[in-house]
Amino acid sequence: MMRSVPNRVVDDLVRVSRPSAKHSLPALIAAAAVLTALASPAEAKRRVNHRGGGGYNPPYAAMVVDVKTGKTLHAVNEDSLRHPASITKVMTLYMLFEQLERGRYTLESPLTISPYAAAQAPSKLGLRPGSTISVEDAIKAIVTKSANDVACAIGENIAGGSEARFAEMMTAKAKALGMSRTNYANASGLPDSDQITTARDLTVLARAIQDRFPRYYRYFQTRSFAFRGRVIGNHNRLLGNVQGVDGIKTGYTRDSGFNLMTAARLDDRQIVAIVLGGKSGASRDKIMADLVRANLPRAYAGNRQTPATVEVAERARPAVVADGASRTRTQVASADDEEIETTASTAQPLDISPNRATTTPGSAGAKGRLPASAQAYAPAAPAAPFPMATKSPARLASVDGARTESAPKTVSGAKATPTAWVIQLGAMDDEDKAKSMLAEARNRAGGSLARAAPYTVKVEHGGATLYRARFSGFSEQDAAQDACNALKRSGFSCFATRS
């Protein structure tokens with residue numbers, strides 16, 4: 001019985017209980033009572049649970065989805081609010097991959113480390129303020145070490161120096177993907193009471209990042225990462241140990257428990273799986289391994305029946321103007337488990353009991369209510385085309401974010417209603433510049449834009465009025481992407497998106 005009591009506690013109590021002029025019989029009796037209480041099985045269990053769970057055991061949630069059919073194969077508390085911890089970084093990388101796809105960054109582009117990013121809690125690389133890290137090394141540092149300093153730096157570099165602004169952009173992206181109960185407060189997943197999600201929402205993200213960025217998704221399979229003389233291993237122990245698993249991300253904080261997002265494919269079958277609130281890394285890994293082994297053989301092996309995950313609509317993208325002469329542009333900086341991200345809890349723990357009815361976004365109730373920044377945004381109204389202009393504009397696609405978009409500006413000419421898919425080139429501080437961008441793009445892209453209808457979208461950003469330059473006329477994603485690729489070959493940055 002006594003062996004369950006820490007030696008240092010026993011030694012302290014023994015010293016107190018030694019006979020001396022200062023210690024009376026009542027003191028000896030009190031010391032014995034403390035020893036008995038500490039040695040009891042109930043107390044020993046309580047102390048073990050405290051060490052393992054940070055003061056309480058986070059509720060368990062899990063979900064497994066068949067990627068090809070969208071069918072739910074397993075679900076427990078899948079719609080209950082949870083803290084994502086470092087699984088947050090999957091969305092951080094989603095945002096970075098998007099910038100790579102648009103040409104704003106290359107894998108060699110440098111990301112600057114601010115003093116704020118350098119000061120983030122472990123796990124981290126320990127980069128110094130003012131130093132830089134390449135985009136590719138940043139990706140690998142996130143995938144393997146789950147580096148909080150690097151995650152923060154990614155957000156700051158994309159969002160003009162503000163991690164809070166980047167979190168708004170992440171939340172807007174989540175809403176566009178259909179992650180209706182997700183809200184982000186930072187880029188790393190470090191404790192914040194407003195950083196919430198659900199197992200169901202995370203299955204959407206797990207599918208979306210594979211569908212949208214197959215070229216970059218392969219980084220989640222990285223087993224180890226050599227960086228400045230160090231070799232850093234991946235925290236995901238299922239890679240190479242469970243057949244079919246090819247990613248993607250672990251996570252842990254006291255408030256979240258041990259989390260894991262997994263993707264697996266084998267013999268033309270493909271699933272994504274989420275486990276949240278594990279009591280330890282080992283038990284979480286075992287649960288996930290069992291889920292994969294049980295459900296992967298049940299997945300559909302035929303042709304994919306569900307479409308690729310796409311953004312429902314481009315809702316409220318505040319533009320970052322790339323024109324060097326613009327006075328209104330947003331300045332942008334140039335370009336897990338084993339190492340716990342934090343031992344601190346959030347100041348206001350989220351009420352996430354398993355049987356609790358969660359509050360839907362926008363409804364009354366303090367607990368579970370999403371902040372205003374997490375609410376859905378209204379889609380834009382149709383716009384009309386305009387006469388072709390001849391000025392030569394600056395070219396760069398805008399960066400995602402979370403502001404409410406005004407209706408597109410109506411201009412002279414026949415009406416052009418945005419079709420299912422549109423192409424966006426960039427945003428300018430003057431409508432004539434946006435028109436000129438579209439005019440030059442059509443002239444240089446040739447036949448690929450022959451049937452496309454140009455239009456502008458007026459938005460307010462940071463107190464400034466900006467105009468997005470877009471082409472409508474694409475009923476299918478492939479057609480829009482082909483036209484965008486032709487524009488890129490002509491020297492324009494662009495991206496295809498749902499209208």
Does any part of the side chain of Tyr455, heavy atoms only, come nearer than 4.5 Å to the side chain of Leu438, both counted from C-beta? no
Reported [atom1]-to-[atom2] distance for the pair [X] and [Y], which is rounded to 0.5 angstrom:
X	Y	atom1	atom2	answer
Met63	Ile274	CE	CD1	9.5 Å
Asp149	Ile133	CG	CD1	8.0 Å
Phe97	Ile139	CZ	CD1	5.0 Å
Ile196	Thr88	CD1	OG1	11.5 Å

Identify whether the distance between the nearest side-chain nitrogen and carboxylate oxygen of [X] and [Y] falls below 4.0 Å.
X	Y	answer
Glu78	Arg200	yes
Arg265	Asp246	yes
Arg212	Glu98	yes
Lys458	Glu431	no

Among Val64, Asn236, Leu238, find the residue that satisfies the side-chain contact (heavy atoms from CB on, under 4.5 Å) test when tested with Met288. Leu238
Residues which pass ring pair (Phe, Tyr, Trp, His ring centres under 6.0 Å) with Phe166, listed by chain and number, not counting sequence neighbours: none
In terms of the angle between their ring planes, are Tyr219 and Tyr216 parallel, tilted or perpendicular, with boundaries placed at 30° and 60°? parallel
Have Tyr116 and Glu156 got a donor and an acceptor in their side chains that come within less than 3.5 Å? no
